[in-house]
Structures are given as C-alpha cells and as structure tokens.
Amino acid sequence: MTWLITGGAGFIGSHVVKAMAEGGERIVVLDDLSTGRPERLPEGVPLEVGTVLDREVVDRVLREHAVTGIVHIAGKKQVAESVAEPLHYYHENVEGLRTLLEGAVGAGVTRFLFSSSAAVYGMPDVDLVTEATPCAPINPYGETKLAGEWLVTATGRTHGMATASLRYFNVAGAATPELGDDGVFNLVPMVFERLTAGERPLVFGDDYPTPDGTCIRDYIHVEDIASAHVAAARRLAADPGASLVLNIGRGEGVSVTEMVGIIQDVTGRTDVEPLVTDRRPGDPARVVASADRIAEELGWSARYGVREMVESAWAGWQLRHP
Ligand code: WQD
C-alpha cells in the first residue's frame, strides 16, 4: 500500500509519519505548510505542498503516487479560533475533508483514517467516556470533527472504503525535541511559557466538582497517538470492511493541579505558587477516555505516562526557547 498523510508536516502529523515510516509503510505527505514545517519530515519521505481543498492537487497526488490509503490529519484545531471563525473552520475541516474524500473515491482509494477528537463529546457527564457516549460538541471545532466522522463513515459504507475515526484526547509530549509542539495553546506549553517568563502558572478554576476542584483530563503522549495510527492502518489494510470509531486515551484522569505540579517538578521551577483564576468558559470538569474498545479492536494501549510527556515536551520547549 501507499499511504497519503495529510498534515504530515505538523506536530501530530510528523509523529504519525515517523512511526509509519519506521513501521515500513510507503508514505507521501500533503501539507499546505500553514503551520507545518518541511524539517519535520524524515529523509526520503516525499512532500507535496498544497491543500486538500484543491481538488486538482488532490487528484494529481493520488494518481502520481498511486495512493491506496489516506491518513487525514490536516485541519484546524483551536477551539477559541473556531468560535471566532466558524465559517473558516467548516471550510477547512468539513469542505476540505469532503473534497479529499471525493478525490479518494474517484481514485479508487480503499482505506481512510481520520483524525477526530474528544471534542466531539462536549461536556460528557460520565466517569469514563466510551465511544457509545452521546456526542454533543459545544464549539464549532468539535462540530466539524463530528461532521467529519459522519462524512467518513457514510462514504466508506457507500463506496466500499475501510474507515477509522480516531478520537484523540489531550495530546502532549514529543518523540524528539525537534518534533515538539510549536504552538502554545494547551496546558503544558502554556505553563512552560509562564514559568520561563518568571510568572505564576494559571489554573482556570478550582471550584469544579472534582477531588481537588480543578479539571480532569486524559493526557496522551503524541508517540502513543502515532503508534495507534500504525495499528489502525494495519487493521484497515487487513480488513476491507472495517468501519471503526475509537478513542485514543489512557483511561487515567489527571487534574490541572497535578499536571502543574509535575510540570514544576520537571522544569525545576518549584518556588512559585500557581495562580487560580476564573473558570475558562466551556471547560468540562472531567473528560477521561475509556480505552477498552481500541485495546479490543487493535490490541493497542498507551506506553507512556504523564511524566514522560512533560519531560519530552520540556526538551522540545527548551530547543525552541534557548
Ligand atoms: C486542559 C485543562 C484548562 C491552560 C483542548 C480542546 C480539545 C483538544 C485538546 C484539539 C483545562 C486547564 C489550561 C492553563 C489551565 N483540541 N488550563 N491553565 O481544553 O482540555 O482540550 O485541547 O485537538 O478539543 O478543547 O485542553 O490543554 O487547553 O486545557 O488551568 O494555563 O487545563 O482549563 O481544564 P482542553 P487544554
């Protein structure tokens, strides 16, 4: 098989490229380089610069590289930006996917793996979120991911494509410092930024109905995200009738207070007290995956813990902020 990985030059995409290349898969990357960087790609992996919204580019890349499977990771992923620019998010994430799928059907691609998100669940009122927990996204970002899953599943069913939608929980860490996250949009890099500026880390609310009052999330190492893609791609290759929706998480909840404590420990900045501010609008108290289905379906489970995520992310941060 030859796999097209869209968004392969981005933070998560480049980890998937690395893992699939090391797993012996033949790969080509399509990336518009809006946030991706070519230096993230390993030697020998071809890069096509362009967008999935451009049908001519999609058709040419699928044809020239004789693509038989697609891993679609390209997309916009900032919640606040999606609230400010819903039309842009629907265009990039839904119309982009629709265009790619149309090209895929036309080119006879028979395997399709889609990056989804725990954002499809919204504010789940359960201890562990299973794939059967009702989806009720609370922002346009989550809506575009849920609509994307519907598009993928429906297209697969009608056009004979094996499909998988992978719902990522809270991604952190890096395989190497060079592959670290460039963005400062999530808890771990936001705390790094505060600490390195000599400021107190912010805790958005400590009056949630959780044991220490702060929000609980399921943090997952980006290398584990990548190995789940390798497992899913192999499953799709072997099972032409597959139609999967799977959480990628660890099934372990970690509070903001616990996470900030680990970050302070790893960075050696233990002398400052975190500053509790108001709640951030739209934050659910607790979102923790059940990781049972992916274990059953793919025999996959996470290898890394939270400390390894923070240590590897810190090495990446220091490289970017010498
Ligand atoms: C985690 C917790 C914050 C920064 C988002 C998207 C989700 C997915 C991952 C993309 C929350 C708290 C944060 C800080 C804090 N997106 N926090 N102080 O919101 O769980 O998930 O990113 O694919 O769809 O919603 O992640 O890292 O922003 O926040 O207290 O300085 O940390 O309130 O409880 P979130 P996050």
Side-chain angles (χ1 to χ4, degrees), residues 7 10-13 15-16 35 72-83 89 92-93 114-124 129 135-146 148-149 165-173 181 183-197 199-222 225 247-250 253-264 267 269 272-289 306 309-310 313 317:
F11 166 54
I12 296 174
H15 283 87
V16 172
T35 56
H72 180 46
I73 301 176
K76 305 291 291 176
K77 62 169 186 180
Q78 288 174 44
V79 170
E81 191 180 56
S82 80
V83 174
Y89 268 65
E92 293 276 333
N93 289 2
F114 174 58
S115 285
S116 186
S117 167
V120 298
Y121 296 114
M123 302 264 214
V129 179
C135 290
I138 55 158
N139 51 60
Y141 168 69
E143 291 163 14
T144 65
K145 287 295 170 182
L146 185 55
E149 290 190 2
S165 291
L166 302 179
R167 295 174 174 168
Y168 310 164
F169 280 64
N170 286 64
V171 185
D181 194 354
V184 190
F185 302 108
N186 296 108
L187 175 64
V188 174
M190 285 167 77
V191 173
F192 288 158
E193 184 169 65
R194 299 278 303 181
L195 288 172
T196 49
E199 293 168 343
R200 296 165 68 185
L202 300 179
V203 174
F204 299 150
D206 68 351
D207 57 350
Y208 286 92
T210 61
D212 67 20
T214 65
C215 290
I216 295 177
R217 295 290 181 272
D218 189 342
Y219 296 91
I220 174 90
H221 198 299
V222 66
I225 293 274
N247 289 341
I248 314 185
R250 290 188 314 131
V254 180
S255 76
V256 172
T257 296
E258 290 168 335
M259 200 66 180
V260 171
I262 294 167
I263 297 169
Q264 291 192 266
T267 58
R269 268 82 162 175
V272 290
E273 197 58 35
L275 178 63
V276 178
T277 67
D278 286 347
R279 290 184 178 195
R280 188 175 67 177
D283 274 339
R286 177 185 165 92
V287 188
V288 180
V306 166
M309 295 176 216
V310 173
W317 178 274

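Please read these numbers as outputs of a predicted model, since none were measured by experiment. Numbering of ligands and ligand atoms starts at 1, following listing order.
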Asks: Testing the 3.5 Å rule here: is there a donor-acceptor pair between the side chains of Asp212 and Ser255?
Replies: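 Yes, Ser255 and Asp212 have a side-chain donor paired with an acceptor closer than 3.5 Å.
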Asks: I'd like the contact residues of ligand 1, where contact means a heavy atom below 4.0 Å.
Replies: Lys77, Val79, Ser117, Ala119, Tyr141, Asn170, Phe185, Asn186, Leu187, Met190, Leu202, Val203, Phe204, Cys215, Arg217, Tyr219, Val256, Arg280, Asp283
Asks: Has Arg279 got its NZ or CZ under 6.0 Å from the middle of the six-membered ring of Tyr208, at an angle within 45 degrees of the ring axis?
Replies: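 Positive - Arg279 is close enough to the ring of Tyr208 and near enough to its axis.
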Asks: Going by the angle between their ring planes, with limits at 30° and 60°, are Phe114 and His72 parallel, tilted or perpendicular?
Replies: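 Plane angle under 30°, so parallel.
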Asks: For residues Gln264 and Pro274, determine if any side-chain heavy atom of one lies less than 4.5 Å from a side-chain heavy atom of the other.
Replies: yes
Asks: Taking atom types as modelled, find out whether Tyr121 and Asn247 have a side-chain donor-acceptor pair closer than 3.5 angstrom.
Replies: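 Checked: Tyr121/Asn247 side chains pair up, N/O donor to acceptor below 3.5 Å.
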Asks: In chain order, what residues pass the side chain to side chain contact (heavy atoms under 4.5 Å, CB included) check against Glu143, with sequence neighbours excluded?
Replies: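 Per chain and number, Glu143 pairs via side chain to side chain contact (heavy atoms under 4.5 Å, CB included) with Tyr90, Pro137, Pro140.
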